Amino acid sequence: MVTTDEKGPLTAKKKSVIIRSCDGDEFLVSESAAVLSTSLKKILEEKEDRLIHLSDIDNKTLAMVIAYLSTHADDGLSDDLKRSFDQEFVSGKEFDVLKYLVLATDTLQVTCLCYTVAKKMADIMKNKLVEWVRREFDIQNDYTPEAEAEIRRLDAWAWDDRQLEDD
Amino acid sequence: MALVRVVVNFTLASSIAQETHELDCRVFLNDDDGHLVRPTGPAVAGVARCTVEEWMTARRWRAMERVVAALEYILSHSLSHKFRSVPILQFFTFKLKLDRSAAATGCGNNNDVSDRMSQLPDDILISIISRLTLREATITSILSTRWRHLYTNITRLVFPPFEEQRSLCVEYLQQVEEKTFPDYIKMIDRILDSHNSSHSLKEFRICIPDFKGANIERWLEFALTRAVEIVDIRMTYYLNAEHWPYAFLLSTLITNKNGNLPSFKSLKELRLCNLDVDDGEIEILVSNFTLLECLSIERCRKLRNVSVVGHNSMLKLKHLDICSCGYVESVHVANLMNLVSLRCCRLRFTYVVLLDNVPNLVKFNTCDQSRNTFDLVLSRFPSYILDQLLHLQLEITTLYIRDIMAAYMVPKLVNVRHLELQYNMGFPQTFKLVPLIEACPLLEKLEVTFSWSENRKFENRELYENFYPKKSPNKHLKQVRFSGYVGCPYEQEFALYIIKKAVALEQLIVEPLGPDERARHSGVRTPVITPTQHRELKLGGQESRYPHSGQTTKKLPNA
């Protein structure tokens, strides 16, 4: 709040950046939102050009990330509101949507969003049978039965008294 | 009914096992609320067929186009087609939500939808499984060879039973038999051995009873030699009396490393319980871990005079918690620019808190102790510190009170906005709190938790009438919460007093004593109001109701 006063809120808000997705669509983002992403911040520091092309993020994902950044750059919102926004942001999203989101946040280095999404993905895996996880996430079991038994023996404590319950 | 969303539900029929190798793409229609619109009478969702190979490879989007075509067809023909019902083995279900418009334009650009989890880079997978419990994270090693060693890189080592139920931790451990402890230790050692040392660690928490073989020095060294951010080690109780007190050598660990501990530049939170640290070690800790924001020491028997003084360096310390250390005589806190909250509870009965130059200290937490009641502790503070306090948490008890009939002599607390009281009086004397409430003219939020008392029925009208005189109204008090409320006379008196005083009250929350709490005191007949019963209670002339939720929120009109 103090920082915006120093910068002069009007000039700071007017500055904006154009971000282009891999589909060629362009998004107008305020600079205060863009710098929340570490890699965008770096790009903006290096070059004067206000157009940033992101070759590996598609429209849908980019729109979501930008919605997140703009919400978090808004000084008018309280931390509680932002937290509930985060909750809503990831809830009800399909796994694949989350996957692209987490990849995008990794590229853009938006740490807090990356954590939120990773947490959501972990929640999906929580309390699930190994078979469920394999099936749902398309993970090929390439262990031999002997190797699998060996792993179970080594980490016996994790398998001991309680199998993960199926949902 | 508006059709806003269409769910395309691909179901690989059981026929996959046979020759057909075809994929049925059925289209279901959802209404606004996401309910499936059941076609009335036999109606068909258009079926687009594509081969499994097509589906599994990149060509699936061509198949998708067919689905979209089918979709448009259905939408235009409404639901008049015949519905072919096939018993399906739910072998593989994949749902894709499409907006109606998106369906028309073709959908999305994610060209490889089914390559799922394993495609993510290691770093992200590690960050995901770090958020599972340690047990679940370990189990992921069985998924496939790709996942074999991922769990050894996790950034949070929170040993069970810590994570599952923090509050139940102690109870859980008391059920664990001593003979299982060696296995437990083996488990911890195995995880520490296999953990990848090159990866940094964010969180390290262990909560176990003190038993033979617990190699705390090693655990602590393990955590501190990585760039760890949170260390929380608590020994819950003493199983072997000869281990008490635990010899704990924090300073040797720090000095042996010649000041090159990676965590000097990373540690933000340190919590130790039942581990003996001495006065000098606290100073070493605070001066070396320069980023430390939260320090909590509980049940430590070596501490005598705690001194946390920032000299010329800027310490980041925000929260300091010294609790249940029975030999601590003084807590000296000075020159801490960032200190926000301080907690001093259950120290030696004559302890003093010395504060100087803590400009940001706004929260203080303490409890009554023999001849050292909270008002005495507060009155020893310099007045400028009292003026800056915004938030007070007090535990009030008559157990050690100086004079059973005397009220507290509370100094003026001109800025306190938020007051939390844990009322543990063995003898019902809520009138003693009046001077405290009167000392906070700007109080905005009051939370009182009543605890169990044998004397709930005690009533002495005269006492209360003497102590609740008509005082100046408080125009700032907006939120009041009573927890553990039973509605016995002294609680009522106090509630009445507060309600009369708070002329601008906006929210009054009454949480009756929960069933768990009552069960703990079973056998004692009490005037308990069950939250599940609707029952009216006279409260300050206003009617208060206990709804099913067990919580009453009543909006009062502004006076």
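A note on names: the letters A, B, ... follow the listed sequences, proteins ahead of strands, and every chain is numbered from 1. Quick caveat: nothing in here was measured; it's all calculated off a predicted structure.
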Side chains of S130(B) and T155(B): is there a donor and an acceptor less than 3.5 Å apart? yes

Is the NZ atom of K93(A) crowded by more than 12 outside heavy atoms at less than 6.0 Å? yes

Residue-level interface, residues 113-120 of chain A with chain B, non-hydrogen cut-off under 4.5 Å: Y115(A), A118(A), K119(A)

With sequence neighbours left out, the residues meeting ring-ring contact (aromatic ring centres under 6.0 Å, His included) with H319(B) are none

Quick one: side-chain hydrogen bond (donor to acceptor under 3.5 Å, both in side chains) partners of D123(A), sequence neighbours excluded? none

Who passes ring-ring contact (aromatic ring centres under 6.0 Å, His included) against F222(B), sequence neighbours left out? H195(B), F204(B)

Test salt bridge (charged side-chain N to carboxylate O under 4.0 Å, His left out) on K42(A) and E46(A); report intermediate values, then the result. CA-CA 6 Å; K42(A) 264 183 210 152; E46(A) 277 167 17; over 6 Å; no

Heavy atoms only, distances under 4.5 angstrom: which of V133(A), D142(A), V102(A), T105(A) has the most pairs with chain B? Name it, please. D142(A)

Using non-hydrogen atoms and a 4.5 Å limit, figure out which bit of I124(B) sits close to chain A: side chain, backbone, both or neither. side chain

Steps toward side-chain contact (heavy atoms from CB on, under 4.5 Å) verdict (L192(B), L157(B)): CA-CA 9 Å; L192(B) 297 193; L157(B) 284 177; 4.1 Å; yes

